[in-house]
Amino acid sequence: MSENNDYSLFDEVNHFVDKATKHLDLDKALVQQIKECNSIYEFNFPLRNDDGSKEVIKGFRVQHSHHKVPVKGGIRYSEEVNVEEIKGLAALMTYKCALVEIPYGGGKGGVKINPRNYTETQLEKITRRYTSELIKKNFIGPAIDVPAPDYGTGAREMGWITDTYMAFHPDSITAKGCVTGKPLSLHGIPGRTEATGRGVFFGLREAVSVEEDMEKLGLKTGLKDKKIIIQGMGNVGYHTAMYLEQAGAKIIGIAEYNGGLYDEDGIDVQEIHRYKIENDGFKGYKKGKFIEESTDLLTYECDILVPAALENQITSDNAKDVKAKIIAEAANGPVSWEAEEILTENNVMVIPDLYLNAGGVTVSYFEWLKNLSRVSFGKLQKRYEKQKFSDLVDIMEESSGYKFSEKQRETIIKGASERDLVDSGLEETMVNAYHNMNELRKKKNIKNLRIAGFVLALERISISYMDLGIFP
């Protein structure tokens with residue numbers, strides 16, 4: 001894959017918006033308002049190191065759309081961060097939230113560093129200073145802008161953000177709602193870490209369940225025995241692989257930045273994950289074949305290819321060589337618009353990022369609601385439900401003469417935990433969104449799922465803007 005220095009994720013997203021608007025009757029000024037970023041904050045701040053040296057760090061936060069507030073979007077730490085990338089990711093988040101009907105506008109943030117080059121102490125200083133810069137300009141808050149983890153960040157960084165925000169807002173009872181993806185000890189929510197990967201699994205499961213669509217691809221329905229290659233073994237890639245493996249799929253290839261692994265007999269996800277952590281890669285692993293140039297795996301034969309790393313991985317340079325029947329965009333923007341034109345012509349189904357990786361923001365929404373209400377889901381009703389079902393089982397046993405085993409009884413009377421409710425809400429969101437998008441594609445004779453997803457999102461966003469009116 002060749003490098004493209006002129007690549008802009010923001011332009012990519014707007015290209016898809018322009019294609020989607022051809023299926024809608026929208027005012028040109030309204031479309032322009034929807035496309036543009038409402039607020040862009042680019043700033044610099046100093047970092048003092050333990051040895052007395054100093055360096056300047058660049059940070060970003062973009063709020064794309066205020067048709068619904070707060071805005072929502074992750075913070076990534078990467079040397080590749082730039083304003084066009086952050087604008088594109090913020091815009092994508094707007095359409096993503098609209099598609100899965102989560103009431104947020106889109107936002108995104110970033111810090112231009114390689115976190116591997118900094119100690120934990122340095123990263124804490126950077127995170128806290130970044131947060132204070134957002135606070136100064138009112139770019140963070142439970143009712144304004146709610147960040148989350150992204151590439152290069154996690155629960156640890158979200159904990160530092162929470163503490164910093166609370167220090168500046170000691171009188172705010174909902175302060176913990178300023179960010180999601182927090183540790184459970186700081187009122188995070190069970191299932192948030194694996195939410196994006198679990199959402200990818202639900203989305204893929206729904207896609208391969210539609211017999212009519214699978215027949216056109218020459219595939220059988222269901223995930224069982226599907227051969228899958230995954231690019232990226234970070235949080236999203238790992239959990240996606242784990243859930244797909246549990247569903248009976250076979251992971252035959254995994255690509256990482258420093259090499260890949262291929263094994264036609266299947267790769268044990270848990271085992272390779274442990275090996276990767278211990279050895280910083282796949283080199284020397286006793287099974288399968290090590291692939292020096294891991295991007296080559298993108299063109300290996302498989303049923304489903306899951307890009308779960310960074311954007312612009314499948315371009316016009318390598319799209320014609322892709323042999324997968326389905327590309328599942330677990331990452332943001334991994335397939336360029338030129339590549340998608342080629343893939344569509346070659347009868348490859350692309351399940352788009354604005355739908356498929358929405359599991360993270362969906363569960364973040366549940367966490368935010370929990371923080372605003374200050375009560376865990378299920379806390380009020382779990383014991384009541386358990387007692388009610390227990391009484392029902394007693395009545396059934398008395399009337400039928402059948403005695404349930406302890407295991408059967410426990411299964412029936414078990415009340416829903418917070419994790420059960422989160423998982424149920426995530427599944428409901430992903431199932432409904434997929435079939436709404438796919439049915440619209442067929443109804444309007446739209447050539448691919450991505451444009452159908454953008455059409456559905458634009459319809460909802462435009463209604464919000466029109467109902468809000470123009471002030472003053």
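Heads up: numbering here begins at 1 and tracks the sequence.
For the atom pair CG (D145) and CD1 (I135), the distance works out to 11.5 Å, reported to the nearest 0.5 Å. Going from atom CG of L421 over to atom CD1 of I189 covers 9.0 Å, rounded to the nearest 0.5 Å. For the atom pair CG (N117) and CD (E79), the distance works out to 6.0 Å, reported to the nearest 0.5 Å. Atom-to-atom distance recorded for I161:CD1 and L186:CG is 12.0 Å, nearest 0.5 angstrom. The structure places NZ of K72 at 12.5 Å from CD of Q63, a figure rounded to the nearest 0.5 Å. Note that OG1 of T164 and CZ of R128 are 4.0 Å apart. Values are rounded to the nearest 0.5 Å.
Between the side chains of N82 and K112, no donor-acceptor pair is found at a separation under 3.5 Å. Residues N357 and K96 have side chains that bring a donor and an acceptor to within less than 3.5 angstrom of each other. Between the side chains of N235 and H239, at least one donor-acceptor pair of N or O atoms lies under 3.5 Å. A donor-acceptor pair shorter than 3.5 Å can be found between the side chains of H66 and N38. Side chains of N436 and E101: a donor-acceptor N/O pair is absent below 3.5 angstrom, by distance only. Looking at T180 and S364, their side chains do bring a donor and an acceptor atom within 3.5 Å of each other. For the 3.5 Å distance criterion, the side chains of T21 and D18 fail to qualify, holding no donor opposite an acceptor. Side-chain N/O atoms of Q270 and Y238 include a donor and acceptor closer than 3.5 Å.
Other residues, nucleotides and ligands contribute over 12 non-hydrogen atoms within 6.0 Å of the CD atom of E84. Heavy atoms from other residues, nucleotides or ligands lying under 6.0 Å from CZ of F139 number more than 12. Within a 6.0 Å sphere centred on CD of E341, other residues, nucleotides and ligands contribute more than 12 heavy atoms. Under a cut-off of 6.0 angstrom, the local environment of CG in L184 is crowded, with over 12 non-hydrogen atoms contributed by other residues, nucleotides or ligands. Within a 6.0 Å radius of NZ in K125, more than 12 heavy atoms belonging to other residues, nucleotides or ligands are found. Within 6.0 Å of atom CZ in R419, more than 12 heavy atoms from other residues, nucleotides or ligands are found, so the atom counts as buried in its surroundings. Within a 6.0 Å radius of CD in E301, other residues, nucleotides and ligands contribute 12 heavy atoms or fewer. In this structure, K323 places its NZ atom where more than 12 heavy-atom neighbours from other residues, nucleotides or ligands lie under 6.0 Å away.
Ring orientation note: the planes of Y104 and Y365 are nearly perpendicular, at an angle over 60° on the 30°/60° scale. Classified by interplanar angle (parallel below 30°, tilted 30° to 60°, perpendicular above 60°), the ring pair Y465/H67 is tilted.
In this structure a side-chain-to-backbone donor-acceptor pair under 3.5 Å is missing from N14 to V17. A donor-acceptor pair is defined here as one N or O able to donate and one able to accept, closer than 3.5 Å; such a pair exists between the side chain of K370 and the backbone of G188. In this structure, N448 contributes its side chain and I451 its backbone to a donor-acceptor pair below 3.5 Å. Not one N or O on the side chain of H187 forms a donor-acceptor pair closer than 3.5 Å with the backbone of G177. Between the side chain of R450 and the backbone N or O of L354 there is no donor-acceptor pair closer than 3.5 Å.
For the ring pair (Phe, Tyr, Trp, His ring centres under 6.0 Å) test, residues two or more places apart in sequence or in another chain that qualify with H169 are Y165. The salt bridge (charged side-chain N to carboxylate O under 4.0 Å, His left out) check on K58 picks up E42, with sequence neighbours excluded.
With Y285 as the partner, the ring pair (Phe, Tyr, Trp, His ring centres under 6.0 Å) test is satisfied by one option alone out of Y262, Y275, F290: Y275.
Remark: aromatic rings of F454 and Y95 are close, center separation under 6.0 Å. Aromatic rings from Y130 and F43 are positioned such that their centres are separated by under 6.0 Å.
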Criterion salt bridge (Lys or Arg N to Asp or Glu O under 4.0 Å) on R156 and E124, from CA distance to verdict: CA-CA 9 Å; R156 179 184 66 178; E124 182 173 358; over 6 Å; no
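Judged by a 6.0 Å distance limit and a 45° cone about the ring axis, R198 is positioned over the six-membered ring of Y243.
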